[in-house]
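Side-chain atoms are counted along with the backbone in the values below, which use heavy atoms only and exclude waters and symmetry mates.
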Amino acid sequence: MTIYEANTTVVAVAGAAVTSTLYIPGGVATQLLIRANTATTLFRADLKDEGGIIRRHYDFHTGELNDMALNFAVVGSYAVEITNASLNDTFRVILAVREQ
């Protein structure tokens with residue numbers, strides 16, 4: 001079993017940031033981790049497929065969002081959108097995919 005991790009850092013300006021993964025040939029999403037540089041930063045997030053369909057919507061989180069309950073098939077490029085950030089902050093974004 002191989003785990004692929006899309007791992008990047010983005011800066012939210014005016015409360016928003018977006019990052020996209022490289023093409024994923026196929027697998028199962030297992031974890032999405034979004035960690036703000038500042039523990040008190042409040043934010044929302046969406047995980048979208050390459051067609052722009054929201055696959056997961058996350059309401060407000062403070063400092064960190066760690067969804068280890070993901071379990072759906074992924075193919076293509078996925079975007080992680082951070083919105084409504086209370087501060088201009090730097091975010092670490094990791095999407096883990098188990099390849100089949």
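Hydrophobic clustering (ILVMFWY, side-chain heavy atoms < 4.5 Å, transitive): Leu42 and Leu33 are in distinct clusters. Cluster membership check: Leu22 shares its hydrophobic cluster with Val97, using side-chain heavy-atom separations under 4.5 Å among Ile, Leu, Val, Met, Phe, Trp and Tyr. Using a 4.5 Å cut-off between side-chain heavy atoms of Ile, Leu, Val, Met, Phe, Trp and Tyr, with links allowed through other members, Tyr4 and Val74 fall into the same hydrophobic cluster.
Just one residue in the list Asp46, Val18, Ile34, Thr41 forms a side-chain contact (heavy atoms from CB on, under 4.5 Å) with Ile82, and that residue is Ile34.
For the pair Asp89 (side chain) and Thr38 (backbone), a donor-acceptor distance under 3.5 Å is present. The main-chain N or O of Tyr23 is never found under 3.5 Å from a side-chain atom of Ser77 such that the two would form a donor-acceptor pair.
Here the closest heavy-atom approach between residue Leu70 and residue Gln31 is recorded as CD1-C, 3.8 Å. In this structure, Asn88 and Gly15 approach most closely via the heavy-atom pair OD1-N, 3.8 Å. For the residue pair Asn66 and Glu64, the shortest heavy atom distance occurs at CB-OE2, 3.9 Å. Nearest approach of Gly26 to Val75, heavy atoms of both residues: CA-CG2, 3.9 Å. Across all non-hydrogen atoms, the minimal contact from Ala96 to Ile3 is CB-CG2, 4.3 Å.
In this structure, OG1 in Thr83 is found 7.5 Å from NE2 in His57, a value given to the nearest 0.5 Å. Interatomic distance, Asn37 CG to Phe91 CZ, rounded to the nearest 0.5 Å: 9.0 Å. In this structure, Leu95 CG and Thr8 OG1 are separated by 12.0 Å, a value rounded to the nearest 0.5 Å. With values rounded to the nearest 0.5 angstrom, Thr30 atom OG1 is found 10.0 Å from Asp67 atom CG.
A salt bridge links Asp59 to Arg44: one of the charged nitrogens lies within less than 4.0 Å of a carboxylate oxygen.
Ring-plane geometry between Tyr78 and Phe72 is classed as tilted, the angle between the planes lying from 30 to 60 degrees on a 0 to 90 degree scale.
For Arg35, the CZ atom sits in a loose shell: 12 or fewer heavy atoms of surrounding residues, nucleotides or ligands are nearer than 6.0 Å.
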Begin with the C-alpha distance, continue with both residues' side-chain angles, and end with the deciding distance and a verdict on side chain to side chain contact (heavy atoms under 4.5 Å, CB included) for Leu32 and Tyr58. CA-CA 11 Å; Leu32 176 63; Tyr58 299 96; 3.6 Å; yes
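One side chain, Arg92 or Asn7, offers a donor N or O that lies under 3.5 Å from an acceptor on the other.
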